[in-house]
Amino acid sequence: MAVIYVVEDDCNIREIETFSLKNSGYTVESFACAKEFYRQLDLALPNLILLDVMLPDEDGLSIVKRLRTRFDTKKIPIILVTAKTSELDKVKGLDIGADDYITKPFGVMELISRVKAMLRRSMDGMEEESAVKMQIGDIVMDRGRHAVYVKGEVCELTYKEYELLKLLIKNAGMVMPREVIMDRVWGTDFEGESRTLDMHIKTLRQKLRESGGCIKTVRNVGYIIEKG
């Protein structure tokens, strides 16, 4: 499932959000302040951010502005969580780049529903934006020809290796959890099959030669292909 970062200084609310999301099958990392959040963001990117507006060290709205100016985070879905109820506050959050908002107090079912809807729209958007040709560094994927080229030379891949590379490139800069990869490429999220994924990543890197180094392992989470 998707990786979600929860940024919330209220311990009780943070625990409720984290528990509810984990109970729904998501991988969750939680942070009490912006400093902790930024530190983790430099290590790995999430698929969605649940962000409180009122934080002790930095306002949530300024965090949104900063994330929208970064190349690697500008398209990550952000749901603002705020105690403010005026329409002006909500509009301001959306205007600066947030994708949705949820007002405290909120129900667990509403939270999960909003998260699911946002992740679904995010995935749909990625499908619509995908081009016939996709490129990461020296790697070019021509989906029309079902071919991969590295520095202009054809790279022979198996069907699964091709599908694995396509998934990573389509989500370049985003951490892809192991369960998501297994489900999208192999049609299963069975943990016992994860060794299959590791072996395919290994052979894919080898076939891509020095360009294969852009595929990074995110410990205990999954894999990411870096944009450059």
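FYI, the numbering just counts along the sequence from 1. For clarity, every value in this text was computed on a predicted model and none was experimentally measured. Reckoned from all heavy atoms, side chains included, excluding hydrogens, waters and symmetry mates.
To the nearest 0.5 angstrom, R66 atom CZ is 12.5 Å from I96 atom CD1. Taking NZ of K202 as the reference point, atom CD of Q206 lies at 6.0 Å (rounded to 0.5 Å). Between the CG atom of L51 and the CD1 atom of I63 there is a distance of 5.0 Å, given to the nearest 0.5 Å. To the nearest 0.5 Å, atom CD1 of residue I225 and atom CG of residue L167 are 10.0 Å apart. To the nearest 0.5 Å, the span separating CG on L94 from CG on L80 amounts to 7.5 Å. The structure places CD of E8 at 4.5 Å from CD1 of I13, a figure rounded to the nearest 0.5 Å.
The pair K207-E156 does not count as a salt bridge, with every side-chain nitrogen at least 4.0 angstrom from each carboxylate oxygen. Taking the charged nitrogens against the carboxylate oxygens, K166 and E163 do have a contact shorter than 4.0 Å, which makes a salt bridge. Under 4.0 Å is where a charged nitrogen must lie from a carboxylate oxygen, and between D99 and K75 no such pair does. Between R114 and D100 a salt bridge is recorded (basic side-chain N to carboxylate O distance below 4.0 Å). Between D10 and K104 there is no salt bridge, since none of the side-chain N atoms of the basic residue sits less than 4.0 Å from a carboxylate O of the acidic one.
Residues V140 and V150 fall into different hydrophobic clusters, defined by Ile, Leu, Val, Met, Phe, Trp and Tyr side chains chained together at heavy-atom separations under 4.5 Å. The cluster map of Ile, Leu, Val, Met, Phe, Trp and Tyr, joined by side-chain heavy atoms under 4.5 Å apart, puts L43 and L48 in different clusters.
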Please test D183 against R178 for salt bridge (Lys or Arg N to Asp or Glu O under 4.0 Å), starting from the C-alpha separation and ending with a verdict. CA-CA 9 Å; D183 178 64; R178 300 174 69 88; over 6 Å; no
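S20 contributes no side-chain N or O that, together with a main-chain N or O of E17, makes up a donor-acceptor pair within less than 3.5 Å.
Counting only residues at least two apart or on different chains, no side chain to side chain donor-acceptor pair (under 3.5 Å) pair has a member in residues 22-33.
Relative ring orientation between H146 and Y162 is described as parallel, the plane-to-plane angle staying below 30° on a 0-90° scale split at 30° and 60°.
Side-chain contact, Y223 with D198: a donor N or O sits under 3.5 Å from an acceptor N or O.
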